[in-house]
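Here is the structure we will look at.
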Amino acid sequence: MDFFKYIHAVGTGEKGNRDLTLQEAKDMMEQVLKRSAYDEQIAAFLLGWRLKPETTDEFRGVVEACDEFIQKRAVPNSIELGYPFDGKANNPFIFPLVAKILEGSGLNLVVVGDDLAPAKKGITLKEIATNIELNKNIHYFDRADFFKEMHDLTQMRMRLGLRTGLNTIEKLPNVASSEYAITGVFHKPFVKKYVDTFEHRYKRLALIQGNEGTPELFSKGRLWIAEDGSVEEIIVDPEYYGINYTKSWEKITLSESLEQLSNPSDEFLKLARLNAAVVLFVAQKASTIKEAYEMLNG
């Protein structure tokens, strides 16, 4: 279909806009990834699509299109941790410590990184993963290698400077064919969209009100477990486990983030252990988070 018809579908205002079918969304995304539309057209569509807003069928169509371009490499016994590509601005990443804690569990952690995408201007997972020695149970995938077509959209997206529907769907590419996945979600209404879009791709999918939109829990929040067509909501409170970590509201530098990983405080280590327990629970290595946390504390 002529790409202009997709722009027309999302860019003519409340009375003229319409939702794309799953097949239309798939065709649209294939054209975007092949760059058969002009950058100006792609940016116009992405902005209009965000404002319309996006539907689950559209998200699923986009994900199906992406699947045809992604070069997968299976990692057995793994859980995919879906991070946003706009980074973390105020707090350090915790996944390298989580991996160390889970060394003896036999579980592999899959993470994906790329250059900075809109709109937070944080420190990217790629900057962390390429500046420290990762544990062997962390499998880092660089999107420039396995999904170059999406990577090549980064500069155009940065010029647009706003979040779009791509921010939602790109966090879980399932590049390692993992059975389990966990990603962060900002707002509860998006839980259903994530579940409807991604649940069928995993044995068990978890969504968490993580720090700065990541799958990392730094304070009291909700965890949703989607499995076999049902969704269970669980409250996770670090204080319940005797953890008194105070998250930052100020911007930190890359060197500061790396320093906290190299020389973590006692409370940060406890927080990492709780995050590791959540991962074990999601991956069905423990029946409850409490059981997993007690296992990790010996």
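Just so you know, these numbers use all the heavy atoms, side chains as well, and skip hydrogens, waters and symmetry mates. Residue indices begin at 1 and follow the sequence shown.
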Next on the checklist: Can you tell whether the side chains of Lys52 and Asp19 come within less than 4.0 Å, N to carboxylate O?
Outcome noted: yes
Item to check | Contact summary for Ser248 and Asn91, nearest pair of heavy atoms | outcome: N-OD1, 2.8 Å
Next on the checklist: Please give me the minimum heavy-atom distance between Trp49 and Gly165, naming the atom from each residue.
Outcome noted: CZ3-CA, 3.7 Å
Checklist entry - For Asn174, does its backbone N or O pair with a side-chain atom of Lys72 as donor and acceptor, under 3.5 Å? => result yes
Checklist entry - Under 3.5 Å, side chain of Asp86 to main-chain N/O of Ala117, donor-acceptor pair present? => result no
Checklist entry - Measuring from Asp152:CG to Arg157:CZ, what's the distance to the nearest 0.5 Å? => result 12.0 Å
Item to check | Arg273 NZ/CZ over Tyr241 ring centroid, <6.0 Å and within 45° of normal | outcome: no
Item to check | Backbone N/O of Glu227 and side chain of Ser230: donor-acceptor pair under 3.5 Å | outcome: yes
Checklist entry - When Met28 is tested against each of Val10, Leu20, Ile42 for side-chain contact (heavy atoms from CB on, under 4.5 Å), which residue passes? => result Leu20
Checklist entry - Which heavy-atom pair separates Pro215 from Gly82 by the least distance, and what is that distance? => result CD-O, 3.3 Å
Checklist entry - Taking everything shown except Lys148 itself, do over 12 heavy atoms lie less than 6.0 Å from its NZ? => result no
Checklist entry - Applying the 4.5 Å side-chain criterion to the ILVMFWY set and letting contacts propagate, would Leu172 and Phe141 be lumped into a single cluster? => result yes
Next on the checklist: Between Val98 and Leu81, is the side-chain contact (heavy atoms from CB on, under 4.5 Å) condition met? List the steps.
Outcome noted: CA-CA 11 Å; Val98 170; Leu81 307 181; 5.8 Å; no
Checklist entry - Is there side-chain contact between Val75 and Val175, with at least one heavy-atom pair below 4.5 Å? => result no
Item to check | Sidechain N-carboxylate O distance under 4.0 Å for Asp145, Arg73 | outcome: no
Checklist entry - Do Leu33 and Glu68 pass the side-chain contact (heavy atoms from CB on, under 4.5 Å) test, and can you show the C-alpha distance, the side-chain angles, and the key distance before you say yes or no? => result CA-CA 10 Å; Leu33 292 172; Glu68 296 180 358; over 6 Å; no
Next on the checklist: Any donor-acceptor pair under 3.5 Å linking the side-chain atoms of Asn90 with those of Glu212?
Outcome noted: no
Item to check | Side-chain donor-acceptor contact under 3.5 Å, Asn167 with Arg50 | outcome: no
Checklist entry - Hey, are Lys285 and Tyr180 close enough side-chain-wise for a donor-acceptor pair under 3.5 Å? => result no
Next on the checklist: Assigning hydrophobic clusters by single linkage (Ile, Leu, Val, Met, Phe, Trp, Tyr; side-chain heavy-atom cutoff under 4.5 Å), is Phe3 placed with Met150?
Outcome noted: yes
Item to check | Heavy-atom check, side chain of Glu170 versus side chain of Leu153, under 4.5 Å | outcome: no
Next on the checklist: Please find the pair of heavy atoms, one from Leu162 and one from Pro118, that lie closest to each other, and give the distance.
Outcome noted: O-CB, 3.6 Å
Checklist entry - With a 4.5 Å limit on heavy-atom distance, are the side chains of Ser178 and Ile79 in contact? => result no
Checklist entry - Would you find a donor on one side and an acceptor on the other, under 3.5 Å apart, between the side chain of Lys126 and the backbone of Asp115? => result no
Next on the checklist: Is it the case that atom CG in Asp266 sees more than 12 heavy atoms from other parts of the structure closer than 6.0 Å?
Outcome noted: no
Next on the checklist: Looking at His8, I want to see if its NE2 is surrounded by more than 12 non-hydrogen atoms of other residues, nucleotides or ligands under 6.0 Å.
Outcome noted: no
Next on the checklist: Are Leu47 and Phe45 connected into the same hydrophobic cluster when the rule is that any two of I, L, V, M, F, W, Y join if their side-chain heavy atoms are below 4.5 Å apart?
Outcome noted: no
Next on the checklist: For a quick test of reading the model, state the closest non-hydrogen atom pair linking Leu271 to Leu217 and the distance between them.
Outcome noted: CD1-O, 3.5 Å
Checklist entry - Say you draw a straight line from CG of Asn135 to CG of Leu102; how long is it, rounded to the nearest 0.5 Å? => result 9.5 Å
Checklist entry - Are the side chain of Glu80 and the backbone N or O of Val110 linked by a donor-acceptor pair below 3.5 Å? => result no
Checklist entry - What is the minimum heavy-atom distance between Asn108 and Pro76, and which atoms define it? => result ND2-O, 2.9 Å
Checklist entry - Among the clusters formed by ILVMFWY side chains lying less than 4.5 Å apart, do Phe186 and Leu51 turn up in the same one? => result no
Next on the checklist: Over 60° means perpendicular and under 30° means parallel, so tell me whether Tyr83 and Phe93 are parallel, tilted or perpendicular.
Outcome noted: tilted
Checklist entry - So do the side chains of Leu166 and Phe85 get within less than 4.5 Å of each other, counting heavy atoms only? => result no
Item to check | Flag, side chain of Glu103 to backbone of Asn137, donor-acceptor distance under 3.5 Å | outcome: no
Checklist entry - With no hydrogens and no angle check, is any side-chain donor or acceptor of Lys171 less than 3.5 Å from a backbone partner on Gly184? => result yes
Checklist entry - Does the side chain of Phe281 reach to within under 4.5 Å of the side chain of Leu223, using non-hydrogen atoms? => result yes
Checklist entry - Atom CG in Leu254, atom CG in Leu258: separation rounded to 0.5 Å? => result 4.5 Å
Checklist entry - Counting distance only, does the side-chain N/O of Glu291 pair as donor-acceptor with the main-chain N or O of Thr288 below 3.5 Å? => result no
Checklist entry - Do Phe146 and Val112 come close enough that some side-chain heavy atom pair is under 4.5 Å? => result yes
Checklist entry - Linking I/L/V/M/F/W/Y whenever their side-chain heavy atoms sit closer than 4.5 Å, directly or via other members, would Tyr240 and Ile243 fall into one cluster? => result yes
Next on the checklist: Between Lys188 and Glu233, does any NZ, NE, NH1 or NH2 come within less than 4.0 Å of an OD or OE carboxylate oxygen?
Outcome noted: yes
Checklist entry - Would the number of heavy atoms belonging to other residues, nucleotides or ligands and lying under 6.0 Å from NZ of Lys251 be above 12? => result yes
Checklist entry - With a 4.5 Å limit on heavy-atom distance, are the side chains of Ile128 and Leu261 in contact? => result yes
Checklist entry - Should the pair Lys88 and Phe95 be classed as cation-pi, given the thresholds of under 6.0 Å to the six-membered ring centre and 45° from the axis? => result no
Next on the checklist: Given the ring of Phe190, does Lys193 sit roughly above its face, with NZ or CZ under 6.0 Å from the centre of the six-membered ring and within 45° of the axis?
Outcome noted: yes
Checklist entry - Run the side-chain contact (heavy atoms from CB on, under 4.5 Å) check on Trp224 and Val185 step by step: do they pass? => result CA-CA 10 Å; Trp224 292 272; Val185 60; 3.7 Å; yes
Item to check | CZ-OG1 distance between Arg60 and Thr55, expressed to the nearest 0.5 angstrom | outcome: 11.0 Å
Item to check | Pair Lys5 + Glu24: basic N to acidic O under 4.0 Å | outcome: no
Item to check | Approximate separation, where rounding is to 0.5 Å, of Glu64 CD and Asp27 CG | outcome: 12.5 Å
Checklist entry - Any side-chain heavy-atom pair from Ile235 and Arg222 closer than 4.5 angstrom? => result yes
Checklist entry - If you draw a 6.0 Å radius around CD in Glu259, do more than 12 non-hydrogen atoms from other residues or ligands fall strictly inside? => result yes
Item to check | Glu267 bridged to Lys270 by N-O distance under 4.0 Å | outcome: yes
Checklist entry - Gln31 and Tyr6: side-chain donor and acceptor closer than 3.5 Å? => result no
Next on the checklist: Between Arg159 (side chain only) and Ala43 (backbone N and O only), is there a donor and an acceptor less than 3.5 Å apart?
Outcome noted: no
Next on the checklist: Could you measure the distance from the CZ atom of Phe59 to the CZ atom of Phe198? Nearest 0.5 Å is fine.
Outcome noted: 8.0 Å
